[in-house]
Undergrad: 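Structure below; questions to follow.
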Amino acid sequence: MFSAEVEKIQQEVLKECQPYFAVPEKIAEKNTLKMLLAMQKVRLAAIHFNTSTGYAYDDIGRDKLEELYATVFKAEDALVRTQFVSGTHTLATVLLGILRRGDELVSAVGTPYDTMQTVIGYPEITTGSLREYGVTYEESPLTAEGKVDWDSLRQKISAKTRMVLIQRSRGYNMRPTLTIEEIGEICRFVKKIKNDVICFVDNCYGEFIEEREPLEVGADIMAGSLIKNPGGGIAPAGGYIAGRKDLVAKAAVRLTAPGMGKELGASLANNRLLFQGFFMAPHTVLQAVKTAIFGAAFFKKMGYHVTPLAAEKRGDIIQAIELGSREKLCAFCRGIQKYSPVDSYVTPEPWDMPGYSDQVIMAAGTFVQGASIELSADGPIRAPYSVYMQGGLTFEHGMLAIMGAAEEMLKTEKND
């Protein structure tokens, strides 16, 4: 199945990574206990698994799910709905629900990822974007090491700054992902300069990586996708918003309509999938983290630049690997797709993906379309041709798919 060269690297890397697995395994244990205690506290019962239709007034399952999210994430309130079509939609609901004409949004960690640029209307104003609605935008560039530039951030925050955006994950960028400690440091720094600024964390890919979440270190509101970490690979769609009650209420009005807020929204998907996915999330995230650690060590041994390194502390489930050429990027994605449980016969090709300035290649043979908590890999067709691998419902599958990606890359090298 695999070449002797790839199997030799596998055995070496497995031995090397065993000590690195211990920390995320302990975190998963603690987060599972936190989840269990929260489920006990909210008195979750089978009756909460039912679906609803129409307006869905008094949907007890929907309300219980949001109570559970608020409890786990230490929030005053939460909005958890399958009506969110993506993580970007969830984040946009927060931004467009809270910010008004004349307000200013400041990004604390450089340029946000591509789809968020269209929401903001930066660098070009797009239809329905914040800038089209009269919200101004500034960003504080990162240092050469990919860290927060504190002097620059201080200068960017002005009297009209209403919100600071903190993107936890790297996006299509080789910068380090933010840890919870670093998020807390940014929040404290911002509040010292202007204490009424709203600290909004894009928490995509970061849930359950550490024992604490952004709201516990000073963030006012955060949002993410259910087909990433918190859905546990089981949720079929949706997103969540959690934080201060007044801010969640503003976002809810944007999702539905003024006067309706959280009161409406049918549970068209079986709520059991959302509850069970959330319960599974700490364990599933552990599988993804172990896969990322293994991938980091494997491709480092093959001579590629990887971030983070296998031994480094992680802030999300993403493993970035700099491949250096279009051909190797495409080969990597072909290997991941070939060793996927769904659509394994498909050959991924770069395409013009909505919201992205460059063509993007994506490998995602997932049970839920586009689910980033399931093993996937993607990257923009631009130098330095980095691939961003994330997810993995089981470590065993993640390991085998990484070996498959390596085989495809070795074939490409031989053909060159």
Side-chain angles (χ1 to χ4, degrees), residues 75-79 84 86-142 148-168 171 178 183 186-204 214-215 218-224 239-262 355:
E76 292 180 6
D77 201 2
L79 182 69
F84 287 119
S86 67
T88 299
H89 178 204
T90 312
L91 296 162
T93 301
V94 173
L95 293 170
L96 292 163
I98 295 172
L99 298 174
R100 301 289 183 265
R101 180 174 294 276
D103 287 343
E104 181 180 70
L105 172 69
V106 173
S107 170
V109 288
T111 304
Y113 54 83
D114 299 57
T115 56
M116 284 302 291
Q117 292 175 33
T118 58
V119 172
I120 295 166
Y122 172 86
E124 296 179 2
I125 296 178
T126 47
T127 301
S129 65
L130 290 172
R131 289 182 65 202
E132 187 184 59
Y133 288 148
V135 176
T136 58
Y137 173 72
E138 292 285 344
E139 63 183 35
S140 176
L142 297 168
V148 174
D149 187 327
W150 300 108
D151 289 335
S152 171
L153 182 55
R154 182 183 291 106
Q155 292 169 11
K156 295 294 181 182
I157 296 173
S158 67
K160 63 178 182 178
T161 303
R162 175 69 172 146
M163 179 184 287
V164 167
L165 173 63
I166 304 168
Q167 182 181 302
R168 182 173 182 174
L178 296 176
I183 291 172
I186 295 170
C187 293
R188 291 188 296 272
F189 182 83
V190 167
K191 298 284 187 180
K192 270 187 179 179
I193 297 169
K194 192 170 185 286
N195 63 11
D196 63 345
V197 168
I198 297 164
C199 290
F200 170 37
V201 176
D202 171 356
N203 207 31
C204 287
L215 300 177
D220 297 294
I221 191 165
M222 66 182 191
Y240 77 90
I241 296 167
R244 273 173 35 192
K245 192 175 184 67
D246 62 319
L247 301 178
V248 173
K250 287 178 181 293
V253 166
R254 180 71 192 194
L255 176 64
T256 57
M260 295 182 181
K262 292 181 60 182

Undergrad: Can you name the nearest heavy-atom pair linking Gln167 to Pro112, along with the distance?
TA: OE1-CA, 3.3 Å

Undergrad: side-chain contact (heavy atoms from CB on, under 4.5 Å) for Leu79 and Lys262? Distances and angles first, verdict last.
TA: CA-CA 7 Å; Leu79 182 69; Lys262 292 181 60 182; 3.7 Å; yes

Undergrad: Would you give the length of the straight line joining atom OG1 of Thr118 to atom CG of Leu130, rounded to the nearest 0.5 angstrom?
TA: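 Taking OG1 in Thr118 and CG in Leu130, the distance rounds to 10.0 Å.
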
Undergrad: Which pairs with one or both residues in residues 126-137 pass side chain to side chain donor-acceptor pair (under 3.5 Å), sequence neighbours excluded?
TA: Tyr137-Glu139

Undergrad: Identify the residue among Val106, Val201, Val190, Val148 that makes a side-chain contact (heavy atoms from CB on, under 4.5 Å) with Ile166.
TA: Val201

Undergrad: Does Tyr240 reach the side chain of Asn203, with side-chain heavy atoms less than 4.5 Å apart?
TA: yes

Undergrad: Please report the closest heavy-atom contact between Cys204 and Gly224, naming both atoms and the distance.
TA: SG-CA, 3.8 Å

Undergrad: Output the distance between atom CD1 (Ile221) and atom CG (Asp202), rounded to the nearest 0.5 Å.
TA: 12.0 Å

Undergrad: Rounded to the nearest 0.5 Å, what's the gap from OG1 on Thr115 to CD1 on Ile120? Could you check?
TA: 9.5 Å

Undergrad: Which pairs, with at least one residue in residues 241-260 and sequence neighbours excluded, count as a ring pair (Phe, Tyr, Trp, His ring centres under 6.0 Å)?
TA: none

Undergrad: Under 3.5 Å, sequence neighbours excluded: what are the donor-acceptor pairs made by side chains of residues 249-257?
TA:
residue: Thr256; atom: OG1; partner: Ala252; partner atom: O; Å: 3.0
residue: Thr256; atom: OG1; partner: Gly261; partner atom: N; Å: 3.1
residue: Thr256; atom: OG1; partner: Gly261; partner atom: O; Å: 3.0

Undergrad: Would a 4.5 Å heavy-atom cut-off, applied to side chains only, mark Lys191 and Val197 as touching?
TA: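 In short, these two side chains do not touch, never coming nearer than 4.5 Å.
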
Undergrad: Please name all residues satisfying side chain to side chain donor-acceptor pair (under 3.5 Å) with Lys194, sequence neighbours left out, ordered by chain then number.
TA: Asp196

Undergrad: Using a 4.5 Å cut-off on heavy atoms from C-beta on, say whether the side chain of Asp151 contacts that of Arg154.
TA: yes

Undergrad: Of the options Val94, Ile98, Ile241, which is the one that meets Leu247 in a side-chain contact (heavy atoms from CB on, under 4.5 Å)?
TA: Ile98

Undergrad: Do the side chain of Gln117 and the main chain of Thr111 share a donor and acceptor less than 3.5 angstrom apart?
TA: no

Undergrad: Quick check: do Leu178 and Ile186 have side-chain heavy atoms less than 4.5 Å from each other?
TA: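 Sidechains of Ile186 and Leu178: in contact.
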
Undergrad: How far apart are the closest heavy atoms of Ala223 and Leu91, and which atoms are they?
TA: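 The pair with the smallest heavy-atom distance is CB-CD2, 3.8 Å.
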
Undergrad: List for me each residue that meets side chain to side chain donor-acceptor pair (under 3.5 Å) alongside Asp149, sequence neighbours excluded, and say none if there are none.
TA: none

Undergrad: Sub-3.5 Å donor-acceptor pair from the side chain of Lys156 to the main-chain atoms of Ala108, do we have one?
TA: no

Undergrad: Is there a donor-acceptor contact under 3.5 Å from the side chain of Asp220 to the main chain of Cys199?
TA: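 Judged by distance alone, yes, a pair lies under 3.5 Å.
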
Undergrad: Specify the closest pair of heavy atoms between Leu215 and Ala75, including all atoms of both residues, with the distance to one decimal.
TA: CD1-CB, 3.4 Å

Undergrad: Name the atoms and distances for all side-chain donor-acceptor pairs under 3.5 Å in residues 157-165, with sequence neighbours left out.
TA:
residue: Ser158; atom: OG; partner: Glu104; partner atom: OE1; Å: 3.0
residue: Ser158; atom: OG; partner: Lys160; partner atom: N; Å: 3.4
residue: Ser158; atom: OG; partner: Thr161; partner atom: OG1; Å: 3.4
residue: Thr161; atom: OG1; partner: Glu104; partner atom: OE1; Å: 2.6
residue: Thr161; atom: OG1; partner: Ser158; partner atom: N; Å: 2.8
residue: Thr161; atom: OG1; partner: Ser158; partner atom: O; Å: 3.3

Undergrad: Rounded to the nearest 0.5 Å, what separation is found between the CE atom of Met116 and the CG atom of Leu95?
TA: 4.5 Å

Undergrad: Please tell me if the side chains of Leu105 and Phe200 come closer than 4.5 Å, counting only heavy atoms from C-beta onward.
TA: no

